[in-house]
Amino acid sequence: MTHYDIALIGSGSGNSFPGPEFAGKSIVYIDRGVGPDRVFGGTCLNLGCIPTKMFVHTADISRTPADAARFGVSETLDGVDWPAIRDRIFGRIDPISAGGRAYREDHEDNANLTLLQGTARFTGNKFLTVDLEDGGTEEITAQTIVIGAGSRPVIPDVPGLADLDPLTSDTAMRIDRLPRSLAILGSGVIAAEFAHIFEALGVDVTIIARSDRLLRAADLAVSERFTRIAAERWRVVTGFSAARAERTEGGIRLSGTCEGSRGDGSPNENPGGELVIEAEELLVATGRRPNTDLLDAGVAGFDLHPGGALEVDAYQRVLAGGEPVEGVWAFGDISDRHQLKHVANHQQRIARHNILHPGALRRSDTMPVPAGIFSDPQVAMVGLTEEEARAQGLEIAVAVQDYAGVAYGWALEDTTSFAKIIAEKGSGRILGAHIIGPEATILIQQLIQAMSTGQSVSDIASTQYWIHPALPELIENALLQLTD
Ligand SMILES: Cc1cc2nc3c(=O)[nH]c(=O)nc-3n(C[C@H](O)[C@H](O)[C@H](O)COP(=O)(O)OP(=O)(O)OC[C@H]3O[C@@H](n4cnc5c(N)ncnc54)[C@H](O)[C@@H]3O)c2cc1C
Ligand SMILES: NC(=O)c1ccc[n+]([C@@H]2O[C@H](COP(=O)([O-])OP(=O)(O)OC[C@H]3O[C@@H](n4cnc5c(N)ncnc54)[C@H](O)[C@@H]3O)[C@@H](O)[C@H]2O)c1
């Protein structure tokens, strides 16, 4: 049994934890690695945010010829070189991952730190066993335990599905060649982003939703608009219940029943009837589960959400029996329903501050959580949806501003995009904002700032110049609707 001052689990957001402030402390840093190659640096860098957005930008470029004719410009797409795209992206990412690991392993900055590659599991609330990657185990105790152990893709319990070893976001970006066709099970964020990436690069995409629309967690109007646009570009199946999956000679076959759209453009004459979906490959994008099972978090007696996440308080202290466990902290996907990198980063900084300054604890829950979806179109959101605000009985005013109604929207020839802002009547407090369309993830930032700093509609609508004819006039016009 080796004792350390601090045990740190997970090299994603956790990799920002060690630093000179802990120079006098002994740290054991345990990381299992992510993806099939168990690489260092966590999900965002290796399998998540960063590579997907590099692929999304490439997909956006690949899509321009298809859109150019509307502007009187004739362009053709001569082809896409998948190995070149893939290797450019991972040729940039993989050395960062390897360099990050080497830095923690060898650099004098980390003289007080022992890096173990393996899987940590709790044998008590301050006791860990590490199953090392190269065999063997280490028994550890630590005064402070910091958990940033993340999440991993879920494969739903559909007969045959796990056996056919479908693609997930862990593997889809590194395939050897593009399939001719791809079925995507799930219709949330990962499905929307990967559908855009693969279709733009020439793959015939079918996206399969359990419910009647895509991006169900978004504001209803956004989700409905996204579903309508998606159906023009991908084969969109809705109301599908998967019953079994199998590999065929040419690819995969997914069988089930279909209550909604069968994806063939015509009304479903037989709701609830059987539907067989065939494609060369299948990507499963049905959510991610926190890695608490790998940690044996239950053995430590920690409280768990029904979805498996660790319960933490607003200071990022892990709870057991509803009370904070002395010296055990967690952040990111292991303990938060949002599963977003900016949330994981923020919570890591809060936990770090609180460990260093036990007499001046900070809360992590003081700001609304925004999210962006980098599909085509983009979607961005912060705060309450209109449905949530109404369900809470709030007195609200809602402004919807089409891109087509502002000058830059004319330049874009836009016909489908809009921003919605929800404000409290009387106070003008902004309760939520939802944007679907070009640069949505950038346009929403000003509203995130207003909500985070407590600025009302009138504080920002008429108290500044809005550059004409730039796209933020979309936000200005939506806000002006709320000041009338
Ligand atoms: C395809 C995809 C795209 C995404 N895009 C975005 C985006 O655009 N924007 C955004 O905000 N978010 C995005 N996300 C979500 C984001 O990647 C995660 O929210 C974030 O990376 C979580 O960070 P984390 O530190 O909690 O966990 P991770 O980065 O997953 O790190 C957890 C670490 O813990 C290790 N570990 C797990 N169990 C153990 C154990 N028992 N012992 C030792 N080590 C262990 C893992 O190996 C891993 O290194 C995306 C996710 C995916 C999958
Ligand atoms: N741009 C971003 O910020 C970004 C991008 C990718 C991923 N992420 C994060 O990763 C997380 C995981 O993404 P995701 O798309 O896998 O999850 P998600 O929660 O966004 O979507 C899951 C989808 O799977 C469906 N589903 C669940 N169980 C199913 C089943 N048994 N059969 C059929 N369908 C089923 C759901 O109805 C939903 O459509 C997200 O919560 C998100 O926070 C963020």
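No experiment lies behind these values; they were computed from the predicted model shown. Counting convention: from 1, in listed order, for ligands and their atoms alike.
Listed by atom number, the atoms of ligand 1 under 4.0 Å from T119 heavy atoms are 40 (C), 41 (N), 42 (N). Those atoms of ligand 2 with a heavy atom of G372 less than 4.0 angstrom away are 1 (N), 2 (C), 3 (O). Atom numbering of ligand 1 starts at 1 in the shown order; those under 4.0 Å from a heavy atom of A120 are 40 (C), 41 (N), 42 (N), 43 (C). The atoms of ligand 1 that sit less than 4.0 Å from any heavy atom of T52 are 1 (C), 3 (C).
Aromatic pair F55/W82: centroids less than 6.0 angstrom apart.
Distance from atom 1 (C) of ligand 1 to its nearest protein heavy atom, with residue and atom name: L47 O, 3.5 Å. Atom 17 (O) of ligand 1 has C49 SG, 3.5 Å as its closest protein atom, hydrogens excluded (heavy atom only).
Heavy atoms of A285 approach ligand 2 to within less than 4.0 angstrom. For K341, the closest heavy-atom approach to ligand 2 does not fall below 4.0 Å. Using a 4.0 angstrom heavy-atom cutoff, A242 does not count as in contact with ligand 2.
Classified by interplanar angle (parallel below 30°, tilted 30° to 60°, perpendicular above 60°), the ring pair H107/Y103 is tilted.
Applying the salt bridge (charged side-chain N to carboxylate O under 4.0 Å, His left out) test to every pair with at least one member in residues 333-357, sequence neighbours left out, gives these pairs: E21-R352.
No side-chain donor-acceptor contact under 3.5 Å links Y29 and N110.
Nearest-heavy-atom check against atom 8 (N) of ligand 2 across D333, T286, L214, V189 picks out V189.
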